[in-house]
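Data block below; observations after.
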Amino acid sequence: MTAAAGGNPLVEGLERLPVGPTTLTIFGATGDLARRKLLPALYNLAHDGALPERFNLIGVSRGDESHDAYRAMAREAICRFSRRRPDPKVLDALLENVRYVAGTFGEAETYARLGELLAEFDEVDGVPLNRAFYLSTSPAFFPVIVEQLGAHGLARHDHAEVRVIIEKPFGTNGREARELNRRVLSVFEEPQVFRIDHYLGKETVQNVMAFRFANGLFEPIWNRNYIDRVEITAAEDVGIGTRAGYYDAAGALRDLVQNHLLQLLCLLCMEPPVRFQADEVRDEKVKVLRAITPPAPEHTVRARYTAGTEGGEDVPGYLEEEGVPPDSQTETYAALRLEVDNWRWNGVPFYLRTGKRLARKVTEIAITLKPVPHLAFEQAGSVGVQPNQLVYTVQPNEGVSLSLGAKIPGTRMAIRPVQMEFLYGTAFMSQSPEAYERLITDAMRGDATLFTRNDEVEAQWRVIDPILDAWAAGEPPLDTYEAGSQGPDTASRIMDPGDRWRAI
Ligand code: BG6
């Protein structure tokens, strides 16, 4: 039994599958992602007993640190960002097997030292350990690191597995993604490559598949005959923080729609895979992406926030954020109307939206069913009948709710919507693991089901590239919205008559 389970029968079966002995190398080991997400995820895996018995970590970064200084930095990051208060014994044991390599990513010397450390760990353990290389650097270094690993004979290891985990963004357009795939696949085989989309590691995202394919209730209505429309929202209340350098070049479409929102759409729309296995699942997702016609410019909205109020505080507009060029045309809000042109979904609108500095943080998928064909209660004065809505809340308050029409107690046949709710926290009495915990484990285990395959990432860009081209040509114009609001007033112009966005 794991420490997390703590004797709770409701979490039985939540334990993770075993992972082979591994040395994990993080490139960009002192960066923001490593400190906030990767190191805390490793700690929590250690806490749950989910790391392999033999597990070592090597940090590679430009900073000239000693092993001890890096361990101290890792300790500080874990204490600050872990979802659990660290247990000193678990933390000490984890840090014991941490090493550091200082060096630039293009330099042969860095890889020579890395190779020595990897070999030392193998020697200590007396067996060749699996190796996982996590590329958590600026994207410009992805091909550099991969090629250096290849050149130094680190892409293969006799009697053990070698895997490479690549962070986002995977290119900034289709052409770059294809080129990056070409370079990565000239060194590694596709089954060795794990392209991260951290949304796939979120519990409620995986639950979309569980709800669809483990229940007889939903699948019969999961098509154009019963579903009227789908809204996928990833709203954030935060601004861009200190990430102007990255964000101003990316924008909301590349940052969240190209990857996370299209992944949610795929899981929602795909045909049932034969097995829950990497290629079966990904084959089905690729088919969905290929069925999407890139939207015309009038079916897209782009906007950026102006100054406003967030949580009672005055906040600056995007153009006033530190590091944003005054003539920036970058969107902090994007909305699209997409259609999946296949037998199951033809004609159903899929509305996707995301934005920074919106009213609150919420990620949800709302599926609205068609209205009942005839309402026999109308004469009795019932006006409150709404079509059923199934809402997956990915975050916060992970759960699923279904709205139903119910009779209001009394002598009249008056109907109003009520909610049937499943809340993850209440049902399982446990805190969900962070997405990175699941994804790091899966990568170390060699299970690529929750990672993006090469053709999939290219199919995502096929949808996004024409939008980027239209936006670069000024179509549609960039709108504005006040920080802390629901987004631009124009956002509903892409919707069919009668449709409205849900309140954020
Ligand atoms: C990242 C984006 O991929 O996802 C960020 O680069 C965004 O801009 C983040 O804030 C949102 O992730 P989450 O897990 O907080 O919804």
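Ligands are counted one by one from 1 in listed order, and the atoms in each one are counted from 1 as well.
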Asp48 with Arg84: basic N within carboxylate O range, under 4.0 Å: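 Looking at Arg84 together with Asp48, the answer is yes, because their closest N to O distance falls below 4.0 Å.
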Any idea which atoms of ligand 1 are less than 4.0 Å away from a heavy-atom of [X]?
| X | result |
| --- | --- |
| Asp255 | 2 (C), 5 (C), 6 (O), 8 (O) |
| Lys356 | 5 (C), 7 (C), 8 (O), 10 (O) |
| Lys202 | 13 (P), 14 (O), 16 (O) |
| Lys168 | 1 (C), 2 (C), 3 (O), 6 (O) |

Member of Glu331, Glu321, Glu236 meeting the salt bridge (charged side-chain N to carboxylate O under 4.0 Å, His left out) criterion with Lys356: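 That would be Glu236.
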Option nearest atom 15 (O) of ligand 1 (shortest heavy-atom distance, choices Glu236, His260, Glu167, Lys361):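 It is Lys361 that holds the nearest heavy atom.
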Shortest reach to atom 4 (O) of ligand 1 by a heavy atom, considering only Arg254, His198, Gln395, Glu434: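 Selected option, by shortest heavy-atom distance: His198.
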Tyr199, portion touching ligand 1 at heavy-atom distance under 4.0 Å: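 Within the 4.0 Å criterion, Tyr199 contacts ligand 1 through side-chain atoms alone.
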Passing option when Phe105 is tested against Phe142, Phe133, Phe141 for ring-ring contact (aromatic ring centres under 6.0 Å, His included):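 It is Phe141; the other options fail the test.
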Of Phe170, Tyr199, Phe194, the residue whose pairing with Phe451 passes ring-ring contact (aromatic ring centres under 6.0 Å, His included):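 When ring-ring contact (aromatic ring centres under 6.0 Å, His included) is applied between Phe451 and each of Phe170, Tyr199, Phe194, only Phe194 qualifies.
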Exam field: side chain Asn388 to backbone Ser403, donor-acceptor pair closer than 3.5 Å: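 Yes, the answer is positive, given that a donor and an acceptor are paired below the 3.5 Å cut-off.
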Donor-acceptor contact present, side-chain Trp501 to main-chain Ala491, <3.5 Å: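 Pair found, side chain donor or acceptor close to backbone of Ala491.
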Arg243, any N or O under 3.5 Å of ligand 1 N or O: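 Yes, at least one N or O pair falls under 3.5 Å.
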